[in-house]
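The model shown is predicted, which means the values in this text are computed figures rather than measured ones. Side-chain atoms are counted along with the backbone in the values below, which use heavy atoms only and exclude waters and symmetry mates. A note on names: the letters A, B, ... follow the listed sequences, proteins ahead of strands, and every chain is numbered from 1.
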Amino acid sequence: DAGVTQSPTHLIKTRGQQVTLRCSPKSGHDTVSWYQQALGQGPQFIFQYYEEEERQRGNFPDRFSGHQFPNYSSELNVNALLLGDSALYLCASSLISREAFFGQGTRLTVV
Amino acid sequence: GDSVTQMEGPVTLSEEAFLTINCTYTATGYPSLFWYVQYPGEGLQLLLKATKADDKGSNKGFEATYRKETTSFHLEKGSVQVSDSAVYFCALSDHKAAGNKLTFGGGTRVLVKP
């Protein structure tokens, strides 16, 4: 059983560009959450999707948006990239209100 | 809002030493509490959890007790191994499981030397 898979594992973008990160949840899971982990810090909650709708949102600007597809996979989009967006982006999947399982993350570097 | 504070690292220990990582929290209501571990180059793995006051979570020799009176959830292990070298995160959720929003502490890096 594949766990949570994220793609790509690494990418480098230029300031002002847009980026899309992808997440496939663990089999049977219906909820996907996204976190940003800056270097040397704890993960910060971005938002959570359930039934293709944004269910909760953290303190992130509108440049951060997401989507959940009918097969429960999810995308995180970040527009107008800033140097400060450089971080490890973690996806976590779960059944709603149950234990979350994390993927390996996508390392985004903005130059 | 909710917050988690944990001791800063790095914590450097010799193999078979006793490990304690302090964690305190601020939350409205009665959160669930978690410890996650992150090995180099990997995502987060749930280490243990506790969902109500006085619950003790345990796994792989690690233990933590949910202390409501001191709003703490300190992680302990009696005899660490080199393989325990990792970053440990304390976290809380405002629901009884981690499927909802998790609030993390800043992490504590642990280095165990042979």
Side-chain angles (χ1 to χ4, degrees), chain A residues 2-10 21 23-26 28-51 54-60 66 68 72 74 87-107, chain B residues 1-11 21 23-27 29-51 57 59 73 75 86-111:
Chain A
V4 180
T5 57
Q6 294 186 240
S7 63
T9 53
H10 299 82
L21 310 182
C23 173
S24 293
K26 185 176 170 63
H29 286 182
D30 58 7
T31 303
V32 173
S33 302
W34 287 92
Y35 292 81
Q36 181 195 65
Q37 186 180 13
L39 194 62
Q41 297 183 23
Q44 299 290 316
F45 177 79
I46 303 175
F47 42 54
Q48 181 183 82
Y49 279 84
Y50 171 66
E51 293 188 338
E54 186 180 287
R55 188 167 180 264
Q56 295 187 70
R57 188 179 182 91
N59 190 25
F60 279 79
Q68 185 179 35
Y72 306 118
S74 177
L88 180 68
Y89 288 85
L90 294 165
C91 171
S93 76
S94 66
L95 288 170
I96 192 67
S97 297
R98 301 294 298 275
E99 175 185 335
F101 291 78
F102 283 81
Q104 303 275 67
T106 294
R107 173 75 60 188
Chain B
D2 297 345
S3 66
V4 175
T5 302
Q6 57 182 109
M7 60 188 287
E8 291 189 15
V11 175
I21 304 176
C23 170
T24 57
Y25 67 90
T26 301
Y30 303 96
S32 294
L33 302 174
F34 307 85
W35 277 100
Y36 281 85
V37 59
Q38 187 173 37
Y39 298 102
E42 298 187 12
L44 300 176
Q45 299 176 26
L46 179 64
L47 183 59
L48 53 82
K49 65 182 179 184
T51 58
N59 186 29
F73 192 55
L75 182 68
V87 181
Y88 293 82
F89 293 94
C90 185
L92 67 81
S93 173
D94 59 2
H95 293 269
K96 287 197 175 294
N100 289 293
K101 172 187 173 182
L102 286 162
T103 300
F104 287 88
T108 302
R109 182 175 300 278
V110 173
L111 177 60

Interchain contact, A:Gln41 with chain B, by part (heavy-atom threshold 4.5 Å):
backbone
If you tally heavy-atom pairs under 4.5 Å between each of A:Gly40, A:Pro43, A:Gly42, A:Ser93 and chain B, the highest tally belongs to A:Pro43
Determine the minimum heavy-atom distance between A:Val32 and A:Cys23, stating which atoms define it.
CG1-SG, 4.2 Å
Highest number of heavy-atom pairs under 4.5 Å with chain A: which of B:Gly1, B:Gly9, B:Gly43?
B:Gly43
Under 3.5 Å, is there a donor-acceptor pair linking the side chains of B:Glu42 and B:Gln45?
yes
With chain B, the option among A:Gln37, A:His29, A:Gln44 that has the most non-hydrogen atom pairs under 4.5 Å is A:Gln37
Using the benzene-type ring in the case of Trp, are the ring centres of A:Phe60 and A:Phe45 under 6.0 Å apart?
no
What part of B:Gln38 gets within 4.5 angstrom of chain A, counting heavy atoms only: side chain, backbone, both, or neither?
side chain
Donor-acceptor pair, distance only, cut-off 3.5 Å: does the side chain of A:Gln6 make one with the backbone of A:Cys91?
yes
If the plane angle is over 60° it's perpendicular, under 30° parallel, otherwise tilted; pick one for A:Phe47 and A:Tyr49.
perpendicular
